[in-house]
Amino acid sequence: MLIIIKNNYDEISDEGAKIVAGIIRKKPDSVLGFATGSTPIGLYKELIRMHKEEGLDFSKVTTFNLDEYVGLPPSHNQSYHYFMWKNLFNHINVNKSNVYIPMGMADDINDHCEWYERKIQQHCGIDLQILGLGANGHIAFNEPGSSLGSRTRIKTLDEKTIKDNSRFFNNNIEDTPKFAITMGVGTIMEAKKLLLLASGIKKANAIKATIRGPITAMLPATIVQMHQFTTILIDREAASKL
Ligand code: F6R
């Protein structure tokens with residue numbers, strides 16, 4: 001594992017974008033795995049700047065997102081489809097037909113999850129998967145207790161995650177989604193490289209567990225220790241308990 005500690009959020013965003021841009025420049029038809037949440041927003045902003053000012057070219061890139069809420073249409077302003085278009089895809093030259101995000105409104109969710117896995121395989125896997133980290137140690141929506149070999153599937157969200165997310169749904173727990181489609185831990189571990197980002201004191205305990213272990217399904221992020229090419233990119237606060 002390569003652990004990079006930067007001073008603050010802006011610095012991890014810039015460094016993360018440099019890593020992503022390096023991969024695209026080396027392999028213009030890279031397959032990138034993207035995450036939502038607050039952590040990667042700065043990285044996405046920097047990628048947009050690199051596209052606009054330095055001509056970073058996404059025209060041949062394919063993207064797979066980690067997860068999506070069940071029951072939210074892409075047009076819903078809290079869906080991960082909406083998030084990705086707003087925070088990244090609308091501002092770069094990615095080809096719409098190369099963008100894959102799980103469909104929370106799929107008629108047959110299990111079928112859709114199998115299709116998603118097949119699509120990743122048809123693209124010969126993900127070159128670089130960006131990951132955020134839940135304060136409870138989740139990656140994507142693989143909550144504590146998720147099988148470390150799991151594949152893309154529907155998952156019940158942890159009570160704490162639902163509570164955390166309710167701030168985006170007018171603090172109304174009723175309206176906050178209880179299920180999500182998520183890549184599995186096994187799916188994530190098949191990416192050729194992992195880039196896990198975390199910022200802030202709230203992530204310090206989860207980062208300590210992720211780096212120091214022991215590896216346990218109760219903290220799914222700990223599995224990244226087993227990947228040959230994991231980079232953990234954190235700021236001083238997130239690193240403060242190491
Ligand atoms: C989102 C995702 C989640 C987040 C995690 C951290 O696609 O997979 O696992 O990465 O909940 O969220 P933030 O970055 O908002 O702290």
Side-chain angles (χ1 to χ4, degrees), residues 8-10 12-13 16 20 32-45 63-70 72 74 76 78-89 99-104 113 116 120 126 128-146 148 150-169 176-189 191 194-207 209-210 217 219-224 230-235 237-238:
N8 53 43
Y9 177 75
D10 287 347
I12 64 170
S13 300
V20 176
L32 300 177
F34 283 131
T36 59
S38 46
T39 311
I41 290 179
L43 184 159
Y44 296 156
K45 271 196 186 134
T63 72
F64 284 92
N65 260 77
L66 286 169
D67 41 19
E68 176 60 288
Y69 291 120
V70 168
L72 294 194
H76 191 290
Q78 292 304 328
S79 77
Y80 288 172
H81 278 79
Y82 190 94
F83 175 101
M84 287 309 298
W85 284 94
K86 174 171 171 243
N87 290 299
L88 182 63
F89 298 146
V99 169
Y100 294 91
I101 305 174
M103 258 304 162
C113 293
Y116 204 71
I120 295 173
I126 292 170
L128 175 76
Q129 177 64 57
I130 295 170
L131 296 169
L133 175 66
N136 65 0
H138 73 220
I139 43 175
F141 272 129
N142 296 289
E143 298 286 18
S146 293
L148 297 180
S150 53
R151 313 301 310 185
T152 303
R153 68 210 183 290
I154 184 167
K155 198 79 184 86
T156 308
L157 303 186
D158 196 69
E159 220 170 279
K160 183 172 183 330
T161 304
I162 297 171
K163 227 182 251 169
D164 284 353
N165 287 344
S166 65
R167 68 190 192 275
F168 302 118
F169 294 86
T176 309
K178 314 290 183 303
F179 301 96
I181 296 174
T182 181
M183 274 189 209
V185 181
T187 319
I188 291 168
M189 286 294 285
L194 302 178
L195 174 61
L196 186 144
L197 305 169
S199 164
I201 194 74
K202 277 193 194 152
K203 302 292 170 74
N205 283 327
I207 277 296
T210 300
L219 290 156
T222 55
I223 194 69
V224 304
T230 292
T231 300
I232 298 196
L233 179 52
I234 49 182
D235 60 15
E237 283 189 14

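Just so you know, these numbers use all the heavy atoms, side chains as well, and skip hydrogens, waters and symmetry mates. This structure is a prediction, so every number in the text was calculated from the model and none was measured. Numbering of ligands and ligand atoms starts at 1, following listing order. Counting from 1, the numbers follow the sequence of the chain as shown.
Proximity to Thr39 (heavy-atom distance under 4.0 Å) selects the following atoms of ligand 1: 13 (P), 14 (O), 16 (O). Close contacts of ligand 1 with Gly37, meaning ligand atoms under 4.0 Å from a residue heavy atom, involve 14 (O), 15 (O). Each of the following atoms of ligand 1 lies closer than 4.0 Å to a heavy atom of Ser38: 13 (P), 14 (O), 15 (O), 16 (O).
In summary, the aromatic rings of Tyr69 and Phe141 are positioned with their centroids under 6.0 Å apart.
Remark: Phe83 engages no residue in a ring pair (Phe, Tyr, Trp, His ring centres under 6.0 Å) (not counting sequence neighbours). Evaluation of the side chain to side chain donor-acceptor pair (under 3.5 Å) rule for Ser199 yields Asp235 as partners, not counting sequence neighbours.
Here the protein heavy atom with the shortest distance to atom 1 (C) of ligand 1 is Thr36 OG1, 3.1 Å. Of the protein's heavy atoms, Leu133 O, 3.4 Å lies nearest to atom 6 (C) of ligand 1.
In Leu66, the part holding a heavy atom less than 4.0 Å from any atom of ligand 1 is the side chain. Contacts with ligand 1 closer than 4.0 Å are made by no heavy atom of Thr161, backbone or side chain. Counting heavy atoms under 4.0 Å from ligand 1, residue Asp67 touches it through the side chain alone.
Within a 6.0 Å radius of CD in Glu159, other residues, nucleotides and ligands contribute 12 heavy atoms or fewer. Atom NZ of Lys45 is surrounded by 12 or fewer heavy atoms from other residues, nucleotides or ligands within 6.0 Å.
Ranked by closest heavy atom to atom 11 (O) of ligand 1, the top entry among Lys203, Glu143, His138, Met84 is His138. Closest to atom 9 (O) of ligand 1 by heavy atom, among Pro40, Ala140, Gly132, is Ala140.
Here the CG-CD1 distance, from Asp67 to Ile188, works out to 8.0 Å after rounding to the nearest 0.5 Å.
A 4.5 Å side-chain heavy-atom check between Arg153 and Thr182 finds at least one atom pair inside the cut-off.
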